[in-house]
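Beneath this line is the structure, given in structure tokens, with notes to follow.
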Amino acid sequence: MKFGVVISEGPYTHQAADTAYHFVRAALAKGHEVPRVFFYHDGVNVSTRLSVPPQDERHIQKNWTALAKEHGIDLVVCIAAAQRRGLLDENEAGRQGKDADNIAEGFRISGLGQLIEMGIQTDRLVTFGD
Amino acid sequence: MSEIKKFLYVNRKAPYGTIYALESLEVVLIGAAFDQDVSLAFLDDGVFQLTRGQDTGALGVKNFSPTFRALGDYDVTKLFVERESLDERGLSEADLQEIMYEDEDDGWAEKPSIRIVSRAEMADLMADQDVVLSF
Amino acid sequence: MSTLHTVNKSPFTNTGLQSCLDHCKDGDAVLMIEDGVYGALAETVMAERVAGRIGAVSLYVLLPDAAARGLAEKRMLNGIAGVDYEGFVDLVADHDRTLAWL
């Protein structure tokens, strides 16, 4: 079965990104497909490559990057929500005249249409938020 | 798009205190381009999103409540509002904005987009969806 | 045709669980996750309302979240089943849609 996943809260403050991570791993282990995870609201903050948690804590962004790489998951960060919150990829940083970009490997910035498309193309949609 | 799915946007949060209501509306507007069967549900504090007389001037934030009145232009014409949620909050239908759409199947007659439903009808609506997005 | 409802808030600070119970239909399932697991406790002001739906609705608690919060299964209402993340996945697959009571 194909699962689409929405993460709508940021890392560390809320459990959503952690619960989603364990859920997606379990789904993949059971032979389901997770073609895409969509990050919305403060969930876009998961995608910053500048997060430096203490060494004895989980690294939420790196965990997602690794899982996506291993299983070919499309990690999509909503562009409108990301721009509000200061998350830019190289392309957007150039377009907006900013001197830095901060999107981690494995994540890509795109539009809300990707969320709707995920709802259309998957068998189940599961939202993790607060 | 060959397959049409039933999408329900569940709105249970009040506007302005958090961004959920605004960003929910942004999804609805973008999603309208996909020609799916879209319904919006307003229950619990979500009913406060539709009230008349919102004035955000002193806050310096955008008043997005007029956008609900434009939804008809996007063919988003089914806004279900739960009666019990209104009652519990001391509201009635008269406290909500008038939101109309033009029904192209009925000579472009103006019709209300807001439909007040009971809690049981809201439960039926939820049980009749393919995709539920919660905000 | 049935729905999996997820509840992730404590019922003592948020109306999510109550609203979920008010809207779920016979044959649906409710899974309590994150702080939602407190809704599974017996001997609380919520317990009677939750217990009242057991049978008509299948109630589950995500055990890793209960364990993290020190909630032993013996403190939970009878009739609430524990699941791990794989069980969560099965519940999603087994129901036609998932509705998150955020």
Side-chain angles (χ1 to χ4, degrees), chain A residues 1-44 46 57-58 60 63-64 67 71 73 78 81 115-116 118-130, chain C residues 1-20 23-24 28-40 58 60-71 81-102:
Chain A
M1 207 171 250
K2 282 186 187 168
F3 290 174
V5 172
V6 181
I7 297 176
S8 61
E9 291 296 343
Y12 303 105
T13 304
H14 290 93
Q15 211 187 327
D18 292 301
T19 307
Y21 178 72
H22 295 301
F23 176 85
V24 169
R25 277 177 46 130
L28 294 166
K30 291 188 74 87
H32 296 290
E33 294 173 57
V34 183
R36 179 176 294 164
V37 176
F38 192 87
F39 295 83
Y40 198 43
H41 301 313
D42 278 359
V44 298
V46 173
E57 270 187 37
R58 74 230 185 271
I60 295 176
N63 284 348
W64 277 108
L67 193 66
H71 296 278
I73 306 169
C78 169
L115 168 59
I116 307 300
M118 179 171 79
I120 294 170
Q121 294 179 349
T122 57
D123 302 300
R124 299 284 186 274
L125 191 132
V126 190
T127 302
F128 297 90
D130 200 69
Chain C
M1 296 291 280
S2 60
T3 303
L4 171 68
H5 304 259
T6 60
V7 176
N8 75 327
K9 302 284 201 335
S10 165
F12 311 112
T13 56
N14 186 288
T15 57
L17 177 60
Q18 182 63 57
S19 202
C20 168
H23 291 87
C24 62
D28 282 356
V30 176
L31 172 63
M32 305 175 202
I33 66 171
E34 302 175 353
D35 285 351
V37 299
Y38 293 114
S58 303
Y60 301 90
V61 64
L62 191 60
L63 290 175
D65 280 331
R69 290 159 178 80
L71 306 188
V83 294
D84 56 12
Y85 288 103
E86 295 206 340
F88 186 173
V89 170
D90 290 340
L91 287 171
V92 171
D94 290 345
H95 294 83
D96 300 291
R97 69 196 71 75
T98 301
L99 200 169
W101 290 85
L102 302 179

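Note that these values count all heavy atoms, side chains included, but never hydrogens, waters or copies made by symmetry. In the text below, chain A, chain B and the rest are named by the order of the sequence lines, each starting its count at 1.
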From [X] atom [atom1] to [Y] atom [atom2], the distance as rounded to the nearest 0.5 Å:
{"X": "L125(A)", "Y": "L99(C)", "atom1": "CG", "atom2": "CG", "value": "11.0 Å"}
{"X": "T98(C)", "Y": "F3(A)", "atom1": "OG1", "atom2": "CZ", "value": "8.0 Å"}
{"X": "T6(C)", "Y": "F128(A)", "atom1": "OG1", "atom2": "CZ", "value": "7.5 Å"}

Of the non-hydrogen atoms in [X] and [Y], which two are nearest, and what is the gap between them?
{"X": "T19(A)", "Y": "Y85(C)", "answer": "O-CE2, 4.1 Å"}
{"X": "E86(C)", "Y": "A29(A)", "answer": "OE2-CB, 4.1 Å"}
{"X": "H32(A)", "Y": "A93(C)", "answer": "CE1-CB, 4.2 Å"}

>> Quick one: does any side-chain atom of R124(A) pair with a main-chain N or O of D94(C) as donor and acceptor, under 3.5 Å?
In response: no

> Could you go step by step and tell me if Q15(A) and D65(C) meet the side chain to side chain contact (heavy atoms under 4.5 Å, CB included) rule?
Replying inline: CA-CA 10 Å; Q15(A) 211 187 327; D65(C) 280 331; 2.6 Å; yes

>> Report which part of H14(A) has an atom under 4.5 Å of a heavy atom belonging to chain C: side chain, backbone, both, or neither.
In response: neither

> What part of D84(C) lies closer than 4.5 angstrom to a heavy atom of chain A: side chain, backbone, both or neither?
Replying inline: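 Neither the backbone nor the side chain of D84(C) comes within 4.5 Å of chain A.
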
> Pick from H22(A), E9(A), M1(A): which one has the most heavy-atom pairs with chain C under 4.5 Å?
Replying inline: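 Among the listed options, the one with the most contacts to chain C is H22(A).
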
> Checking side chain to side chain contact (heavy atoms under 4.5 Å, CB included) for the pair K30(A)/D90(C): CA distance, chi angles, key distance, verdict?
Replying inline: CA-CA 9 Å; K30(A) 291 188 74 87; D90(C) 290 340; 2.7 Å; yes

> What residue in D35(C), L102(C), N14(C) has the most heavy-atom pairs under 4.5 Å with chain A?
Replying inline: L102(C)

